[in-house]
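So the structure is just underneath, and the comments pick up after that.
Side chains are part of it too, since the values below use all heavy atoms of this structure and drop only hydrogens, waters and symmetry mates. This chain uses plain numbering: 1 for the first residue, then up along the sequence. The model shown is predicted, which means the values in this text are computed figures rather than measured ones.
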Amino acid sequence: MGELPLDINIQEPRWDQSTFLGRALHFFTVTDPRNLLLSGAQLEASRNIVQNYRAGVVTPGLTEDQLWRAKYVYDSAFHPDTGEKVVLIGRMSAQVPMNMTITGCMLTFYRKTPTVVFWQWVNQSFNAVVNYSNRSGDAPITVGQLGTAYVSATTGAVATALGLKSLTKHLPPLVGRFVPFAAVAAANCINIPLMRQRELQVGIPVTDEAGQRLGHSVTAAKQGIFQVVISRICMAIPAMAIPPVIMDTLEKKDFLKRRAWLGAPLQVGLVGFCLVFATPLCCALFPQRSSIHVSRLEPELRAQIHQQNPSMEVVYYNKGL
């Protein structure tokens with residue numbers, strides 16, 4: 001067996017990102033919860049393999065499958081633009097275990113106001129960490145901006161949940177089970193733009209096809225944030241719409257009436273099953289490396305790009321997750 005060639009493009013995912021299937025396969029790997037079990041030494045080893053390969057140094061005995069595995073381990077723990085290690089619960093591999101627990105509890109404890117407030121607060125705290133950890137670009141965000149985004153999203157989610165809860169008092173119980181989803185959807189529309197407000201002020205990096213940075217664009221940031229909001233809301237639909245219907249039916253059966261303690265773990269399990277598929281499939285709705293036509297960029301950036309390369313029609317950016 002010869003040495004691994006240096007022409008494998010690990011800057012890009014292993015699968016074709018121009019197709020939904022290719023993006024889905026990519027995100028099934030990125031969101032694999034087993035990556036959370038990797039030690040710091042394993043993460044560093046993967047980073048060294050990737051960085052050495054990019055520098056033209058092949059680790060002796062390295063196979064192509066091992067290289068791709070190292071790339072995905074590296075991508076699962078380090079921010080693609082800053083290179084910093086992402087806090088454990090902020091990684092995409094934490095989405096399924098964290099969301100199944102939080103969402104399951106939101107759907108289970110939706111009847112009393114204190115538990116509604118508590119679990120909406122927990123959810124928005126988690127979302128704030130995820131949104132910051134998976135932001136696009138490398139622009140810094142101040143503590144004040146982080147605080148504003150966190151408080152605004154939490155307030156919006158709690159207000160929506162409590163407002164809808166009061167409106168559904170006289171409606172069938174099943175309707176009340178969908179209040180947490182409405183609150184989560186509303187909070188996503190608040191939390192994500194606010195948590196990434198720095199991008200809306202200074203823009204995110206846009207590059208040519210080869211990855212060379214051309215400048216920063218607010219227009220690209222708006223498009224990327226909009227796509228992330230849509231993905232997050234779609235991601236919540238199966239986990240917050242299917243289990244309530246199933247649980248509403250099961251709770252009327254004698255089996256669950258006699259074993260009420262099974263309600264919460266059963267709901268969490270149903271949510272987890274939905275999220276295993278919904279998380280990667282909804283992340284795959286839009287390409288991670290999105291594109292935008294030069295004609296849609298800000299006039300100054302458009303002029304700068306045309307001056308450097310008059311024939312360039314499309315630029316690329318990391319939309320974030």
Side-chain angles (χ1 to χ4, degrees), residues 20-21 23-37 76 89-111 115-116 118-120 122-127 129-131 134 157 160-161 164 168 172-189 191-192 227-253 255-256 259-286 288 321:
F20 177 76
L21 177 60
R23 294 195 296 272
L25 290 171
H26 167 69
F27 281 109
F28 267 108
T29 306
V30 169
T31 60
D32 187 344
R34 291 175 297 180
N35 288 333
L36 293 175
L37 303 176
S76 76
I89 65 170
R91 300 173 191 172
M92 290 307 293
S93 49
Q95 283 287 295
V96 172
M98 289 297 296
N99 272 325
M100 69 179 283
T101 304
I102 296 172
T103 303
C105 289
M106 281 195 294
L107 293 176
T108 301
F109 307 111
Y110 69 94
R111 292 184 176 90
T115 54
V116 169
F118 175 76
W119 285 108
Q120 289 293 337
V122 170
N123 187 50
Q124 291 314 311
S125 299
F126 171 62
N127 282 343
V129 174
V130 172
N131 292 336
N134 295 282
T160 302
L164 291 176
T168 57
L174 179 59
V175 177
R177 290 179 180 272
F178 290 97
V179 168
F181 168 69
V184 166
N188 274 326
C189 295
N191 195 332
I192 296 171
Q227 291 175 345
V228 171
V229 169
I230 296 299
S231 295
R232 292 287 185 84
I233 292 175
C234 290
M235 195 184 299
I237 291 175
M240 303 191 80
I242 297 174
V245 175
I246 296 174
M247 290 303 298
D248 189 66
T249 302
L250 292 178
E251 286 179 359
K252 296 174 183 176
K253 306 293 184 183
F255 177 81
L256 208 56
R259 301 169 181 82
W261 59 271
L262 273 176
L266 183 58
Q267 185 128 249
V268 170
L270 286 170
V271 170
F273 178 78
C274 292
L275 285 173
V276 164
F277 299 97
T279 301
L281 293 178
C282 290
C283 282
L285 289 175
F286 304 100
Q288 177 69 33
L321 289 171

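- Here the closest non-hydrogen pair linking Phe126 and Ile89 is CE1-O, 3.1 Å.
- We find the CE-OG1 distance between Met98 and Thr103 to be 10.0 Å, quoted to the nearest 0.5 Å.
- The side chain to side chain contact (heavy atoms under 4.5 Å, CB included) search around Leu37 returns none, not counting sequence neighbours.
- Residues forming a side chain to side chain contact (heavy atoms under 4.5 Å, CB included) with Leu36 (at least two apart in sequence, or on another chain): Leu88, Ser93, Ala94, Pro97.
- Pairs engaging residues 26-36 under the salt bridge (Lys or Arg N to Asp or Glu O under 4.0 Å) rule: Asp32-Arg34 [sequence neighbours left out].
- Side-chain atoms of Gln288 and Phe27, non-hydrogen and from C-beta on, do get closer than 4.5 Å to each other.
- Within the 4.5 Å cutoff, the side chain of Asn123 has heavy atoms near those of the Met106 side chain.
- Partners of Ile233 according to the side chain to side chain contact (heavy atoms under 4.5 Å, CB included) rule, which considers only residues two or more places apart in sequence or in another chain, are Phe181, Ala185, Asn188, Cys189, Val229.
- Separating the OG1 atom in Thr115 from the CD atom in Gln120 is a distance of 10.0 Å, to the nearest 0.5 Å.
- Under the rule for a side chain to side chain contact (heavy atoms under 4.5 Å, CB included), Thr101 has no partner lying at least two apart in sequence or in another chain.
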Show the atom names and distances, to 0.1 Å, of all donor-acceptor pairs under 3.5 Å that link a side chain in residues 262-285 to residues at least two apart or in another chain.
residue	atom	partner	partner atom	Å
Gln267	NE2	Leu107	O	3.3
Gln267	NE2	Thr108	OG1	3.0
Thr279	OG1	Leu275	O	2.9

